[in-house]
Q: 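Handing you a structure now.
What you see is a predicted model; the values in this text were computed from it and never measured.
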Amino acid sequence: MVDKQKTIREKFSLAGVGLHTGQKIKLTFKPSAENTGIQFIREDLPNKPSIKADFFHVITNSGIPRCTSIGQDNVIIHTVEHLMSVLCGLEVDNLIVGIDGQEVPGLDGSGLEFSKAIKKVGLLEQNSPREYFYIKEPLAVEDNGSCISMTPATDFCIAYTLDYDHPILRSQFFSVRINSQTFEQEVAPCRTFCLESEAKELREKGLGKGANYENTLVVGSQGVINNRMRFSNEFARHKVLDFIGDIYLLGIPIKGHVLAVKSGHKLNLELLKKLHQQKEEHKENSYVPDYNFSDKRQIGIQEILKILPHRFPFLMVDRVYEIEKGKKGIGIKNVTTNDYFFQGHFPSRPVMPGVLIVEAMAQAAGVVVLSSDAHHGQIAFFMAADKVKFRKVVAPGDQIKMEVEVLRDRGKTAQVQAVAKVDGEIAAEAEMIFSFTNASYLD
Ligand code: ZN
């Protein structure tokens with residue numbers, strides 16, 4: 001099954017104090033329509049300006065170090081990272097966050113309270129598919145001994161190594177494959193921390209006003225002051241929490257493997273910039289399925305181009321008719337001497353290669369299975385062919401009629417029977433298995 005976008009089931013509020021500003025803040029969370037993303041609304045300001053939590057609104061010189069801020073035109077929201085992390089971790093795609101001040105409350109210094117509150121109201125699945133950005137090429141950023149690298153993968157994993165020149169904060173490691181369960185249990189409860197010396201420094205700058213020994217693990221030379229660790233490697237885990245929150249400002253969830261060493265917000269935001277660049281570069285030549293089957297029984301080539309990502313010289317179906325959505329249909333492939341494969345197969349006697357007849361059947365089958373509403377926004381991968389038989393030579397001038405019938409559609413995979421006929425005689429037949437993935441895979 002394709003992942004669907006989610007929002008919260010109902011409105012709820014949370015209140016607390018901003019760790020840096022010390023302001024008392026109330027947050028009001030409201031469900032939001034699909035494809036709207038995460039939006040903050042400054043409810044304390046005239047006209048209630050809204051700020052979308054995305055790459056375009058990240059502020060790098062907010063005046064407050066050690067936190068991530070978003071804003072536009074003097075409207076600012078500080079310390080969004082822990083909340084953003086929870087929204088990413090729990091897979092909340094669309095949400096309105098009303099805020100009556102300029103900093104998201106720190107609560108207990110982790111993502112735990114946000115996570116608990118969201119789990120309590122529950123999530124509502126929406127109709128649109130959830131899109132991911134799959135890392136296309138490896139990415140890396142580094143700065144003075146800290147670094148983050150990212151490689152393509154079909155899941156989201158993070159391995160973090162922390163290493164401060166401090167007796168309590170030497171070499172801590174944490175690695176996790178992120179899903180809503182691992183996030184909730186392994187990452188969300190991990191609190192922010194700072195060194196005793198840094199705490200003093202922040203106070204002197206007039207920051208850290210809302211911080212105390214409860215909501216911040218303050219590390220002295222003997223260990224954490226007036227508090228207990230929730231995990232032996234809670235610091236490294238909190239760095240993972242921060243990373244997820246910062247990167248969710250890309251605007252959509254990502255898939256890739258992350259290796260991070262001694263990195264923090266500054267480097268996270270550098271990586272975010274590179275991720276955004278890569279995403280934009282790939283958008284230009286990406287394939288976006290854009291079809292609406294409604295109750296059409298026949299579709300022509302213009303629509304096939306919206307359903308299938310295949311292009312010249314590898315698109316082998318010209319029309320599909322007698323479509324019963326997600327069940328059956330008949331594909332047409334008009335074979336012509338202009339087809340590129342006849343140049344070499346064979347120069348003296350053109351014969352359509354059998355495997356390409358199978359490919360044509362697979363494409364016709366792809367159109368039929370993807371016509372089901374459940375597969376909207378997806379592409380079909382040809383996974384297996386069984387009982388393949390070639391019975392007749394196909395040559396220029398032939399019209400192949402491919403009768404496709406979906407035998408089973410299990411959501412993740414579908415089994416299809418196809419028979420290719422020329423002039424009523426069977427030229428080839430096969431049973432095929434398809435699996436499905438979001439079209440953003442091709443971005
Ligand atoms: Zn943090």
Side-chain angles (χ1 to χ4, degrees), residues 16-20 22 64-68 78-79 81-83 85-86 89 105-115 141-149 157-176 178 182-247 258-271:
V17 171
L19 290 184
H20 292 286
I64 298 188
R66 304 167 57 102
C67 83
T68 301
H78 295 296
T79 325
E81 63 269 22
H82 301 164
L83 173 57
S85 187
V86 171
L107 305 173
D108 77 340
S110 75
L112 192 62
E113 301 300 317
F114 296 125
S115 162
V141 287
E142 61 168 328
D143 177 34
N144 194 22
S146 56
C147 60
I148 313 174
S149 66
C157 294
I158 307 170
Y160 189 94
T161 305
L162 176 136
D163 189 7
Y164 280 74
D165 186 16
H166 187 281
I168 307 297
L169 291 169
R170 221 157 254 162
S171 281
Q172 221 173 65
F173 179 76
F174 177 59
S175 89
V176 62
I178 299 296
T182 57
F183 181 88
E184 189 191 347
Q185 290 165 4
E186 307 280 324
V187 182
C190 300
R191 290 157 297 174
T192 192
F193 63 96
C194 71
L195 301 179
E196 201 179 5
S197 54
E198 291 172 324
K200 266 188 197 149
E201 215 177 289
L202 284 172
R203 290 263 170 172
E204 277 160 16
K205 283 185 187 157
L207 297 167
K209 284 180 193 153
N212 55 43
Y213 291 122
E214 296 286 302
N215 60 25
T216 305
L217 298 171
V218 180
V219 186
S221 56
Q222 307 298 312
V224 170
I225 301 170
N226 294 341
N227 209 329
R228 271 208 182 137
M229 306 275 280
R230 288 175 179 163
F231 299 91
S232 62
N233 58 353
E234 187 168 354
F235 306 129
R237 288 170 187 251
H238 184 80
K239 289 289 196 173
V240 168
L241 178 91
D242 281 343
F243 177 86
I244 296 168
D246 286 342
I247 295 304
V258 181
L259 265 175
V261 178
K262 295 165 71 171
S263 51
H265 292 302
K266 194 170 157 245
L267 211 53
N268 292 348
L269 296 181
E270 299 261 318
L271 183 79

Q: For the residue pair Gly106 and Leu19, what are the closest heavy atoms and their distance?
A: CA-CG, 3.7 Å
Q: Name all residues meeting the side chain to side chain donor-acceptor pair (under 3.5 Å) criterion together with Ser197; count only those two or more places apart in sequence or in a different chain, and write none if there are none.
A: none
Q: With Cys67, which residues qualify under side chain to side chain contact (heavy atoms under 4.5 Å, CB included), at least two apart?
A: His20, Ile64, Ser69, His78, Thr79, Glu81
Q: So which atom in Gln185 and which in Phe231 form the shortest heavy-atom distance, rounded to 0.1 Å?
A: O-CZ, 3.5 Å
Q: Taking only residues at least two apart or on different chains, which pairs with a member in residues 200-220 satisfy side-chain hydrogen bond (donor to acceptor under 3.5 Å, both in side chains)?
A: none
Q: Tell me, please, which residues at least two apart from Glu196 pass salt bridge (charged side-chain N to carboxylate O under 4.0 Å, His left out).
A: none
Q: Apply salt bridge (charged side-chain N to carboxylate O under 4.0 Å, His left out) to Glu184 and list each qualifying residue two or more places apart in sequence or on a separate chain.
A: Lys119
Q: Does a side-chain heavy-atom distance below 4.5 Å link Ser263 with Ile148?
A: yes
Q: If I take atom CZ from residue Phe183 and atom OG from residue Ser115, how far apart are they, to the nearest 0.5 angstrom?
A: 7.0 Å
Q: For Asp108, what residues pass the salt bridge (charged side-chain N to carboxylate O under 4.0 Å, His left out) criterion, not counting sequence neighbours?
A: Arg230
Q: Listed by chain and number, what are the side chain to side chain contact (heavy atoms under 4.5 Å, CB included) partners of Gln172, not counting sequence neighbours?
A: Leu162, Asn233, Phe235, Ala236
Q: Check this for me: Glu142, atom CD, are more than 12 non-hydrogen atoms of other residues, nucleotides or ligands nearer than 6.0 Å?
A: no
Q: Which residues pass the side chain to side chain donor-acceptor pair (under 3.5 Å) test with Asn268, sequence neighbours left out?
A: Asp246
Q: Stepwise, does the side chain to side chain contact (heavy atoms under 4.5 Å, CB included) test hold for His238 with His82?
A: CA-CA 9 Å; His238 184 80; His82 301 164; 3.1 Å; yes
Q: Between Ile158 and Ile178, is there a side-chain heavy-atom distance shorter than 4.5 Å?
A: yes
Q: Please report the interatomic distance CG(Leu241) to SG(Cys190), rounded to the nearest 0.5 Å.
A: 7.0 Å
Q: Taking only residues two or more places apart in sequence, or in another chain, which ones meet Ser149 in a side chain to side chain contact (heavy atoms under 4.5 Å, CB included)?
A: Ala140, Leu259
Q: So which atom in Leu107 and which in Gly16 form the shortest heavy-atom distance, rounded to 0.1 Å?
A: CD2-CA, 4.1 Å
Q: Working to the nearest 0.5 Å, report the span between SG of Cys147 and CD of Glu270.
A: 13.0 Å
Q: Are the side chain of Thr161 and the backbone N or O of Phe173 linked by a donor-acceptor pair below 3.5 Å?
A: no
Q: Would you indicate whether the side-chain heavy atoms of Val224 and Phe193 approach each other to under 4.5 Å?
A: no
Q: Please round to the nearest 0.5 Å and tell me the distance separating atom NZ of Lys262 and atom OH of Tyr160.
A: 9.5 Å
Q: Shortest non-hydrogen contact from Ile168 to Gly220?
A: CG1-O, 3.5 Å
Q: According to salt bridge (charged side-chain N to carboxylate O under 4.0 Å, His left out), who are the partners of Arg228, at least two apart in sequence or on a separate chain?
A: none
Q: Mind checking side chain to side chain contact (heavy atoms under 4.5 Å, CB included) for Glu198 and listing every partner two or more places apart, or none if nothing turns up?
A: Arg66, Cys194, Leu195
Q: Excluding sequence neighbours, so at least two apart, what forms side chain to side chain donor-acceptor pair (under 3.5 Å) with Glu186?
A: Arg237
Q: About how many Å separate CG of Asp143 and NZ of Lys266, when rounded to the nearest 0.5 Å?
A: 4.0 Å
